[in-house]
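What follows is one structure encoded as structure tokens, with my remarks underneath.
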Amino acid sequence: MKKSVFIGALTAAGLMAGAAAAGTLDDVKERGKLNCGVTTGLVGFAAPDANGEWKGFDVAVCRAVAAAVLGDASAVEFVPTTGKTRFTALASGEIDMLSRVTTWTFSRDVDLKFDFAGVAYYDGQGFMVPKDLGVSSAKELDGATVCVQTGTTTELNLADFFRANNISYEPVPVETNAEGQQQYVAGACDVYTTDASGLAATRAAFENPGDHVILPEIISKEPLGPLVRHGDNDWGDVVRWTLNALITAEELGVTSANVGEMASGTQNPEVARLLGTEGELGAMLGLDADWAKRAIETQGNYSEIFATNIGEETPIGLARGLNAQWTDGGLLYSPPFR
């Protein structure tokens, strides 16, 4: 009897703690705006254009959530964050979600008390050097100066790689990608290291991209995705399933161009559930039936978002690789909508 009472007390305490932390979905609806944390500027992922409008892969995820919850993909306040400030901004409630090339790790999930809503981009850390340095492998970088962003997994991976290969380096700490790019171009460091996608985006911004080489080594796993605070499960579900909707839409052939037509009539039951013409999935999330339809209609499916912002036809030129659908040999996979 005592044991069951004790467990009951723990359960009640846990429920109260969860209730105290919950409420972001209601807050966003009441505010009429989503506060989304992004990077301070990484073209292709999150950066303001010439008109000051935020564009990019991570930005599209934010806008998809706003479209799903508020019916307006433009109802987003983008909050630029650095590697050091991003987690404080999320934990304090300054932002509702973080969509900022952030790696899902054990300590961030468990110790920092965040929930990752899934993997939006499978990445890995790499190295970029000037072509005239004459280096073809990261193992040839003994004694190099390396620009590296502080407060990131990149710092730890860098130390591990050089230690494992018994070579030395001198870190040149930078706060943002813009600072890292500036220092690297100015010759303050021999090497710039970050996620391989970030290196491609940075190189694309150079006056002469061909003068720089991204070395072949990928030294880490960097599953990047949006995250929310622990204990706010209703909000976490919304962000998670909005991302899943974009992934599933590609798999099922639902695009921004045909989503209206498919919503008005389809023979595929999962498409019908996804687009709200069958079942009650929207109600389960605390949203209306058209939540996923709006996200896809305004931002496109995962393939459209990838191609528009970072794909092979953009200056960044990233191939799908690991980010191809599971049916095409990649890792991209969403749980079923049922």
Side-chain angles (χ1 to χ4, degrees), residues 36-50 52-62 78-90 95 98-105 108 120-130 138 144-159 169 171-209 211-215 218-220 222-227 306 309-311 314-318:
C36 195
V38 291
T39 181
T40 52
L42 181 61
V43 174
F45 285 89
D49 64 13
E53 183 178 356
W54 283 86
K55 298 284 183 66
F57 184 94
D58 291 336
V59 167
V61 174
C62 298
F78 292 101
V79 180
T81 63
T82 68
K84 284 186 173 180
T85 64
R86 55 185 163 171
F87 298 129
T88 302
L90 181 59
I95 56 177
L98 184 64
S99 182
R100 187 204 175 280
V101 287
T102 296
T103 303
W104 189 347
T105 70
R108 289 171 176 178
Y121 188 93
Y122 291 93
D123 210 344
Q125 185 174 331
F127 299 92
M128 180 167 62
V129 298
T145 52
V146 184
C147 284
V148 56
Q149 290 184 55
T150 56
T152 64
T153 56
T154 312
E155 283 185 300
L156 306 177
N157 297 333
L158 179 65
Y169 73 101
V172 179
V174 297
E175 290 287 333
T176 65
N177 186 69
E179 184 186 353
Q181 177 178 324
Q182 182 182 32
Q183 294 283 70
Y184 171 77
V185 170
C189 54
D190 304 311
V191 186
Y192 187 33
T193 185
T194 188
D195 297 339
S197 63
L199 293 178
T202 300
R203 182 173 65 172
F206 291 162
E207 187 175 342
N208 297 301
D211 291 345
H212 304 270
V213 177
I214 297 175
L215 299 177
I218 298 296
I219 68 169
S220 68
E222 305 294 330
L224 310 176
L227 55 156
F306 190 104
N309 294 290
I310 57 177
T314 70
I316 296 169
L318 293 173

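Keep in mind that this is a model prediction, so the values were computed, not measured.
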OH on Y192 to CG on D190, rounded to 0.5 Å: 15.0 Å
At what distance, to the nearest 0.5 angstrom, does CG of L156 lie from OG of S220? 10.5 Å
Between atom OH of Y169 and atom CG of L158, what is the distance when rounded to the nearest 0.5 Å? 4.0 Å
For F306, all residues meeting ring-ring contact (aromatic ring centres under 6.0 Å, His included), sequence neighbours excluded: none
Spacing of Q125 atom CD and N157 atom CG [to the nearest 0.5 Å]: 4.5 Å
Considering all heavy atoms of both residues, which atom of I218 and which atom of G124 are nearest to each other, and what is their separation? CG2-CA, 3.6 Å
Grab the two heavy atoms, one from C189 and one from T145, that are nearest each other, plus how far apart they are. CA-OG1, 3.2 Å
Between the side chain of T39 and the main-chain N/O of A46, is any donor-acceptor distance below 3.5 Å? no
What heavy-atom pair brings E175 and E179 nearest, and what distance separates the two atoms? N-OE1, 2.8 Å
Among T193, T82, N177, T154, which residue meets the side chain to side chain contact (heavy atoms under 4.5 Å, CB included) test with Q149? N177
Could you tell me whether the side chain of P171 reaches within less than 4.5 Å of the side chain of V146, counting heavy atoms only? no
To check you understand the geometry: which heavy-atom pair defines the closest contact between A47 and G41, and what is its length? CB-CA, 4.3 Å
Please lay out, stage by stage, how L42 and T176 fare under the test side-chain contact (heavy atoms from CB on, under 4.5 Å). CA-CA 9 Å; L42 181 61; T176 65; over 6 Å; no
Taking the six-membered ring for Trp, are H212 and F206 parallel (under 30°), tilted (30 to 60°) or perpendicular (over 60°)? tilted
With side-chain contact (heavy atoms from CB on, under 4.5 Å) as the criterion, how do I316 and F45 come out once you've worked through the C-alpha distance, each side chain's angles and the decisive distance to 0.1 Å? CA-CA 10 Å; I316 296 169; F45 285 89; 5.6 Å; no
Between atom OG1 of T194 and atom CD of E222, what is the distance when rounded to the nearest 0.5 Å? 8.0 Å
With distance as the sole test, does R100 use its side chain to make a donor-acceptor pair with the main-chain N or O of T81 at under 3.5 Å? yes
Can you list everything that forms a side-chain contact (heavy atoms from CB on, under 4.5 Å) with T105? Sequence neighbours excluded, please. T103, S107, R108, T153
Taking all non-hydrogen atoms of both residues, which atom of V191 and which atom of Y184 are closest, and how far apart? C-CD1, 4.0 Å
Between Y121 and V101, does a side-chain contact (heavy atoms from CB on, under 4.5 Å) hold up when you go through it step by step? CA-CA 8 Å; Y121 188 93; V101 287; over 6 Å; no
Can you tell me which residue pairs pass the salt bridge (charged side-chain N to carboxylate O under 4.0 Å, His left out) test with a partner in residues 191-209, sequence neighbours excluded? none
Atom CG in L98, atom SG in C36: separation rounded to 0.5 Å? 7.5 Å
Residues in salt bridge (charged side-chain N to carboxylate O under 4.0 Å, His left out) contact with E53, at least two apart in sequence or another chain: none
I'd like to check the ring-ring contact (aromatic ring centres under 6.0 Å, His included) partners of Y122; sequence neighbours left out, ordered by chain and number. none
I'd like to check the side-chain contact (heavy atoms from CB on, under 4.5 Å) partners of E155; sequence neighbours left out, ordered by chain and number. V148, T150, T152
So, does D58 use its side chain to make a donor-acceptor pair with the main chain of V38 at under 3.5 Å? no
What's the shortest heavy-atom distance between P209 and A204, and which atoms? CG-O, 4.3 Å
Verdict with reasoning, F57 to L318, per side-chain contact (heavy atoms from CB on, under 4.5 Å): CA-CA 12 Å; F57 184 94; L318 293 173; over 6 Å; no
